[in-house]
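Here it is: the structure, laid out below.
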Amino acid sequence: MKVLVTGGCGYIGSHTTVELLKEGYEVVIVDNLINSKRDVLDKIKKITNKSVTFYEIDLCDKEKLRDVFLKEEISAVIHFAGLKAVGESVEIPIRYYKNNLVSTLNLLECMQEFNVKKLVFSSSATVYGNPKTLPIKEDFPLSTTNPYGTTKLMIEEILKDLYHSDPTFDITILRYFNPIGADKSGLLGEDPNGIPNNLMPYILKVATGKLPVLNIFGDDYNTVDGTGVRDYIHVLDLAVGHVLSLKNQKTGLKIYNLGTGRGTSVLELVKKFESVNNIKVNYQITKRREGDIDACYASIDKAHEELGFTPRYTIEDMCLDSYNFIKNNN
Ligand code: NAD
Ligand code: WQD
């Protein structure tokens with residue numbers, strides 16, 4: 001079975017591609033490398049001993065995307081491609097709406113034309129806004145606080161309308177919580193250019209001496225130690241969640257949270273990182289970051305019951321594997 005993976009050179013897409021290849025799927029990647037590097041393809045080959053077919057294409061270019069559907073016998077699509085930086089989306093919203101929405105609409109038109117009806121889409125816990133209670137279930141009210149999040153919510157709505165118009169579509173929306181960690185080989189992982197927005201990439205920059213100090217955004221939240229609580233999930237578990245979604249026999253439009261169901265505070269994560277890696281991470285408490293919420297963690301009962309999704313990795317594993325990757329790529 002041949003799977004089209006859009007954004008397959010990126011952080012989550014590359015790990016999922018490895019899992020797909022291990023499970024015997026053929027993979028076609030479409031990526032314009034706007035936030036990734038071509039050498040990821042060699043690394044995927046090194047890990048799996050298998051090759052993928054790669055097209056360096058912008059999904060906003062419908063004709064080029066159509067050529068891929070013409071050439072390849074695609075059976076299913078996993079759609080990761082998109083811009084994902086929350087702060088940047090506030091600065092340049094039009095670019096985010098254009099990239100994330102036009103690329104998705106082009107993809108869906110091609111899928112319709114070529115009768116490819118199975119889709120797994122990368123959504124985000126950001127669509128829950130500031131939840132009133134925890135853990136977060138899939139049927140909680142949805143709202144967003146930034147253009148990035150709104151693109152995810154809009155795409156979810158588009159997918160619901162598409163399914164309503166054509167119930168032969170089989171669509172899975174996966175709402176990821178906070179993915180961290182890296183492949184055990186140390187070859188794949190997340191290493192953004194410049195100053196990272198997200199916590200683990202920032203910890204890694206401080207741990208490797210690239211940045212002097214981690215700013216912890218607030219210690220007056222209503223949490224165990226005052227710092228923000230999130231549901232961190234190992235990217236390898238997330239990758240498995242995608243393969244389970246492809247294999248799932250239940251048809252229709254399905255929505256699942258992918259997290260671990262457990263919350264970890266910023267300070268707990270920093271302390272854990274220090275202890276398992278035996279390294280000091282300089283930090284200071286600074287003011288809250290606008291838009292951040294106290295706590296966010298998933299109920300993963302639905303994914304467990306319907307997909308058989310059970311995360312295997314602990315916070316310790318996530319800290320070890322993230323650091324292992326960055327040491328190998330310094
Ligand atoms: P990433 O930036 O590492 O990967 C996205 C990939 O898409 C990149 O390789 C980029 O080059 C490619 N891309 C972007 N726009 C494209 C376009 N128009 N045409 C072709 N390729 C394009 O991001 P990631 O962390 O792997 O995230 C994957 C998906 O999961 C994204 O949709 C993201 O919004 C979503 N998501 C990520 C997180 C997270 O914390 N990492 C959390 C929730 C949801
Ligand atoms: C985690 C915690 C911060 C950086 C974001 C997106 C979300 C999803 C996942 C895509 C918070 C604190 C962070 C730092 C800190 N992505 N922090 N110092 O904000 O939960 O979620 O990524 O869909 O949509 O919003 O993740 O890693 O930025 O922050 O203290 O330098 O770490 O305040 O409590 P977040 P994050």
Side-chain angles (χ1 to χ4, degrees), residues 5-16 29-38 40 55-61 64-65 78-87 89 95-96 98-104 106-107 121-129 144-146 148-149 151-152 155 174-180 188-192 195-203 205-206 211 213-219 221 223 226-233 235 238-239 242 258-259 263-267 269-270 283-297:
V5 179
T6 76
C9 293
Y11 173 47
I12 306 170
S14 58
H15 288 85
T16 302
I29 290 180
V30 169
D31 199 306
N32 64 356
L33 304 179
I34 190 127
N35 198 36
S36 51
K37 299 190 185 92
R38 185 184 284 269
V40 159
Y55 294 90
E56 187 177 340
I57 286 174
D58 189 329
L59 288 174
C60 293
D61 186 335
K64 287 199 178 139
L65 180 61
I78 308 183
H79 180 34
F80 292 103
L83 297 173
K84 63 162 183 175
V86 171
S89 80
R95 175 129 190 269
Y96 268 68
K98 189 169 180 190
N99 188 72
N100 292 2
L101 296 177
V102 173
S103 60
T104 303
N106 285 344
L107 179 67
F121 170 64
S122 302
S123 189
S124 165
T126 193
V127 300
Y128 294 114
T144 58
T145 53
N146 58 74
Y148 162 72
T151 68
K152 292 293 173 194
I155 294 169
L174 297 177
R175 294 181 180 148
Y176 316 148
F177 280 65
N178 290 58
I180 58 172
L188 298 174
E190 189 179 29
D191 186 15
I195 297 182
N197 305 300
N198 298 114
L199 181 58
M200 182 54 88
Y202 208 112
I203 291 176
K205 293 270 186 209
V206 176
L211 287 171
V213 61
L214 167 72
N215 293 312
I216 295 187
F217 299 142
D219 65 351
Y221 284 104
T223 61
T227 64
V229 164
R230 298 291 183 272
D231 186 343
Y232 298 95
I233 173 167
V235 69
L238 210 54
H242 290 78
L258 291 186
T264 303
S265 77
V266 177
L267 267 176
L269 187 68
V270 170
Y283 68 83
Q284 62 189 14
I285 307 291
T286 57
K287 65 177 174 35
R288 290 181 175 203
R289 182 173 67 179
E290 207 186 310
D292 275 354
I293 58 176
D294 301 61
C296 168
Y297 52 90

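First listed ligand is number 1; within each ligand, the first listed atom is number 1.
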Derivation and outcome, side-chain contact (heavy atoms from CB on, under 4.5 Å), residues Thr264 and Tyr297: CA-CA 9 Å; Thr264 303; Tyr297 52 90; over 6 Å; no
Measure from atom 10 (C) of ligand 1 to every heavy atom in Asp31, Thr151, Ile180 and give the option owning the shortest one. Asp31
Using ring centroids (six-membered ring only for Trp), state whether Phe80 and His15 fall under 6.0 Å. no
Tell me which one of Gly82, Cys9, Gly13, Pro179 gets a heavy atom nearest to atom 5 (C) of ligand 1. Gly82
For Val86, take its heavy atoms, then give the atoms of ligand 2 lying under 4.0 Å from any of them. 6 (C), 25 (O)
Under 4.0 Å from one or more heavy atoms of Tyr148, ligand 1 contributes atoms 33 (C), 34 (O), 35 (C), 36 (N), 44 (C)
Would you say Arg95 has more than 12 foreign heavy atoms packed within less than 6.0 Å of its CZ? no
Tell me the protein heavy atom at minimum distance from atom 3 (O) of ligand 1, and give that distance in Å. Tyr11 N, 2.8 Å
Just going by heavy-atom distances, which of Ile233, Ile12, Asn197 is nearest to atom 27 (O) of ligand 1? Ile12
Heavy-atom distances under 4.0 Å decide this one: backbone, side chain, both or neither, for Asn99 against ligand 1? side chain
In terms of side-chain heavy atoms, does Asn100 have a donor or acceptor partner in Thr151 at a distance below 3.5 Å? yes
Considering heavy atoms of the protein only, find what lies nearest to atom 12 (C) of ligand 2 and give residue, atom and distance to 0.1 Å. Val266 CG2, 3.7 Å
Atom 19 (N) of ligand 1 has as its nearest protein heavy atom Leu59 N, 3.0 Å
Considering all heavy atoms, the nearest Asp61-Asn106 contact: N-ND2, 4.1 Å
Can you tell me the protein heavy atom closest to atom 16 (C) of ligand 1 and the distance? Asn32 OD1, 3.5 Å
Considering Asn215, Thr144, Leu199 one by one, which has a heavy atom nearer to atom 18 (N) of ligand 2 than any of the others? Asn215
Which atom pair, heavy atoms only, marks the closest approach of Gly8 to Asp31? N-OD2, 3.6 Å
Mind checking whether Lys152 has a heavy atom under 4.0 Å from ligand 1? yes
Is it the case that ligand 1 has an N or O less than 3.5 angstrom from some N or O of Phe80? yes
Students should be able to answer this: which protein heavy-atom is nearest to atom 2 (O) of ligand 1, and at what distance? Asn35 ND2, 2.7 Å
Nearest non-hydrogen protein atom, atom 3 (C) of ligand 2: Asp292 OD2, 3.4 Å
Please round to the nearest 0.5 Å and tell me the distance separating atom CG of Asn198 and atom CZ of Arg230. 10.5 Å
Report, in ascending order of atom number, the atoms of ligand 2 lying under 4.0 Å from any heavy atom of Asn197. 4 (C), 28 (O)
Using a 3.5 Å cut-off on N or O atoms only, is Asp58 in polar contact with ligand 1? yes
Could you tell me whether the side chain of Ser103 and the main chain of Cys60 form a donor-acceptor pair under 3.5 Å? no
Atom CD1 of Ile57 and atom CD1 of Ile29: how far apart are they, to the nearest 0.5 Å? 12.5 Å
Per-atom contacts of ligand 2 with Tyr232, taking only distances under 4.0 Å to non-hydrogen atoms: 1 (C), 2 (C)
Side chain to side chain, Tyr283 and Leu267, heavy atoms closer than 4.5 Å: yes
Taking Asp58 for the side chain and Asn32 for the main chain, is one N or O donor matched with an acceptor at less than 3.5 Å? no
Assess whether a salt bridge exists between Asp191 and Lys205, defined as any Lys/Arg side-chain N lying under 4.0 Å from an Asp/Glu carboxylate O. yes
What protein heavy atom sits nearest atom 8 (C) of ligand 2, and how far away is it? Ser124 OG, 4.0 Å
Have a look at ligand 1 and work out which part of Asn178, if any, has a heavy atom under 4.0 Å from it: side chain, backbone, both or neither. neither
Less than 4.5 Å apart, side chain to side chain, heavy atoms only: is that true for Asn35 and Lys84? yes
Report yes or no: does Thr126 have a heavy atom closer than 4.0 Å to ligand 1? no
Ranked by distance from atom 22 (O) of ligand 2, the top protein heavy atom is Asn198 ND2, 3.2 Å
Using atom types as modelled and distance alone, determine if a side-chain donor or acceptor of Ser123 lies under 3.5 Å from a backbone N or O of Leu174. no
Ligand 2 to Tyr202, heavy atom cutoff 4.0 Å, flagged ligand atoms 31 (O)
Heavy-atom contact under 4.0 Å between Lys84 and ligand 2? no
Hey, which atoms in ligand 2 end up nearer than 4.0 Å to a heavy atom of Thr126? 24 (O)
Has Ser89 got a side-chain atom pairing as donor or acceptor with Val86's backbone, closer than 3.5 angstrom? yes
Atoms of ligand 1 less than 4.0 Å from Ser122 heavy atoms? 29 (C), 30 (O), 32 (O), 35 (C)
Among protein heavy atoms, which lies nearest atom 29 (O) of ligand 2, and at what distance? Arg289 NH2, 3.4 Å
Pull out every atom of ligand 2 sitting under 4.0 Å from any heavy atom of Ile216, numbered as shown with elements. 30 (O)
Test of proximity, Phe217 against ligand 2: N or O pairs below 3.5 Å: yes
Any heavy atom of Ser123 sitting closer than 4.0 Å to ligand 1? yes
Heavy atoms only: which of Met200, Lys98, His79, Lys84 is nearest to atom 41 (N) of ligand 1? Lys84
Parallel, tilted or perpendicular: which fits the ring planes of Phe121 and His79, with parallel below 30° and perpendicular above 60°? tilted
Could you report the tightest heavy-atom contact between Val213 and Gln284, atom names first, then the distance? CG2-N, 3.7 Å
Consider every N or O of Ala81 and every N or O of ligand 1, then say whether any pair is closer than 3.5 Å. no
Distance under 4.0 Å to a non-hydrogen atom of Leu33: what atoms of ligand 1 satisfy this? 11 (O)
Any donor-acceptor pair under 3.5 Å from Tyr11 side chain to Ser36 backbone: no
Residue, atom and distance of the protein heavy atom nearest atom 23 (O) of ligand 2 read Tyr148 OH, 2.6 Å
Provide the number and element of each atom of ligand 1 under 4.0 Å from a heavy atom of Gly10. 3 (O), 4 (O), 9 (O), 26 (O)
Please give me the minimum heavy-atom distance between Gly259 and Phe177, naming the atom from each residue. CA-CB, 4.3 Å
If we number the atoms of ligand 1 from 1 as shown, the ones under 4.0 Å from a heavy atom of Ile57 are 19 (N), 20 (C)
Which residue and non-hydrogen atom of the protein lie closest to atom 26 (O) of ligand 2, and at what distance in Å? Asn178 ND2, 3.1 Å
Atom 20 (O) of ligand 2: nearest protein contact (heavy atom, Å): Arg230 NE, 2.6 Å
